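Note that the structure is predicted; figures quoted are calculated from it, not measured.
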Amino acid sequence: MAKTPRDHLFDTVSELGESDLKTFKDKLNNSQAKPGYNRIKWSQLEKADAVDITRLLVSYYEEDYAVEVAGKVLEDMDKKNLARNLFQATGKGVADPMPGKHKPGLSSDEDSDSDLLRRLQALKDDSNVTEPQNDVMAPALETPQ
């Protein structure tokens, strides 16, 4: 049986440790829901475990939007790998609001550096840009007439 978005939400929330789960609940409680949706009350989140949080996410936001909300909270917590994995597993997620400024799912500066180098190389290859020369051009000498 194929996993549902709810299953993937549960799997993702279950991966959070105790401290991260507390942070997730706090950020979830303070996140701004899009029009037509209410924020989950702290009284419901405070003692919630992964099963309860998944149930609350789906009951407040329905599966598709619940994935988006959870992914955004994870990104805000700098848990970009978990957010990316959730979005990939469900085929859902949010579009990158600032392409090139923020890369969802990158787990370290090394990843972003290698990604940047790869993209710069692709740009160079596409535009036939040549590497700058290291030698300085000498000024042209005028010849006396």
Side-chain angles (χ1 to χ4, degrees), residues 1-140:
M1 177 187 263
K3 284 189 171 189
T4 66
R6 182 186 189 119
D7 295 329
H8 291 295
L9 273 170
F10 173 73
D11 292 345
T12 302
V13 173
S14 294
E15 287 189 44
L16 297 171
E18 187 177 331
S19 176
D20 285 336
L21 190 61
K22 185 174 182 177
T23 302
F24 183 88
K25 291 188 285 188
D26 182 61
K27 288 193 176 289
L28 179 59
N29 175 249
N30 290 303
S31 67
Q32 193 66 21
K34 67 183 180 182
Y37 294 93
N38 294 317
R39 187 172 46 175
I40 301 174
K41 296 176 184 134
W42 180 250
S43 61
Q44 293 180 294
L45 286 169
E46 188 173 16
K47 298 202 190 277
D49 61 10
V51 172
D52 297 327
I53 292 169
T54 303
R55 182 185 50 78
L56 288 166
L57 280 164
V58 172
S59 67
Y60 270 76
Y61 304 125
E62 301 172 354
E63 284 187 351
D64 289 346
Y65 185 47
V67 168
E68 187 177 325
V69 169
K72 174 74 172 102
V73 169
L74 290 165
E75 287 178 342
D76 289 349
M77 293 172 59
D78 204 26
K79 297 288 182 185
K80 292 172 179 43
N81 267 345
L82 280 177
R84 182 191 65 221
N85 293 343
L86 175 62
F87 291 152
Q88 286 177 343
T90 59
K92 297 176 184 15
V94 293
D96 190 357
M98 299 183 338
K101 295 279 185 185
H102 166 73
K103 194 79 170 155
L106 293 177
S107 61
S108 69
D109 288 339
E110 183 178 314
D111 288 343
S112 62
D113 288 347
S114 64
D115 183 58
L116 179 61
L117 290 173
R118 180 187 53 75
R119 290 187 294 160
L120 286 173
Q121 183 64 44
L123 283 173
K124 179 183 152 200
D125 293 344
D126 289 345
S127 62
N128 294 321
V129 174
T130 59
E131 292 290 323
Q133 299 299 315
N134 288 336
D135 53 335
V136 178
M137 290 180 49

### salt bridge (Lys or Arg N to Asp or Glu O under 4.0 Å) involving Asp64 - partner list, sequence neighbours excluded
Lys92
## Note on the structure
Hits for side chain to side chain donor-acceptor pair (under 3.5 Å) against Thr4, two or more places apart or cross-chain, chain-then-number order -> Asp7
### Message
On a heavy-atom basis, which atom in Tyr61 and which in Leu28 lie closest, and how many Å separate them?
### Response
CE1-CD1, 4.5 Å
### Query
Got Asp20 and Met77 here, is their nearest side-chain heavy-atom distance under 4.5 Å?
yes
### Message
Just to verify, which of Leu86, Leu74, Asn85 counts as forming a side-chain contact (heavy atoms from CB on, under 4.5 Å) with Lys79?
### Response
Leu74
### Summary
For Tyr60, the ring pair (Phe, Tyr, Trp, His ring centres under 6.0 Å) test, sequence neighbours excluded, returns none
### Query
For Leu16 and Leu21, which heavy atoms make the closest approach, and how far apart are they?
CB-N, 4.0 Å
#### Entry: Partners meeting salt bridge (Lys or Arg N to Asp or Glu O under 4.0 Å) with Lys3 (sequence neighbours left out)
Asp11
### Message
I'd like to check Tyr37 versus Glu62 (side-chain heavy atoms, cut-off strictly below 4.5 Å). Are they in contact?
### Response
yes
### Message
Any heavy-atom pair between the side chains of Arg6 and Arg55 that's under 4.5 Å?
### Response
yes
### CG on Leu57 to CG on Asp52, rounded to 0.5 Å
11.0 Å
### Task
To the nearest 0.5 angstrom, please state how far the NE2 atom of His8 sits from the CD atom of Glu63.
10.0 Å
### Query
Which heavy-atom pair separates Ala48 from Ile53 by the least distance, and what is that distance?
CB-CG1, 3.8 Å
### Smallest separation among heavy atoms of Gly71 and Ala83, with atom names
O-CB, 3.5 Å
### Query
Can you name the salt bridge (Lys or Arg N to Asp or Glu O under 4.0 Å) partners of Asp76, sequence neighbours left out?
Lys72
### Task
Output every pair passing side chain to side chain donor-acceptor pair (under 3.5 Å) with a member in residues 21-35, not counting sequence neighbours, ordered by first then second residue.
Asp26-Asn30
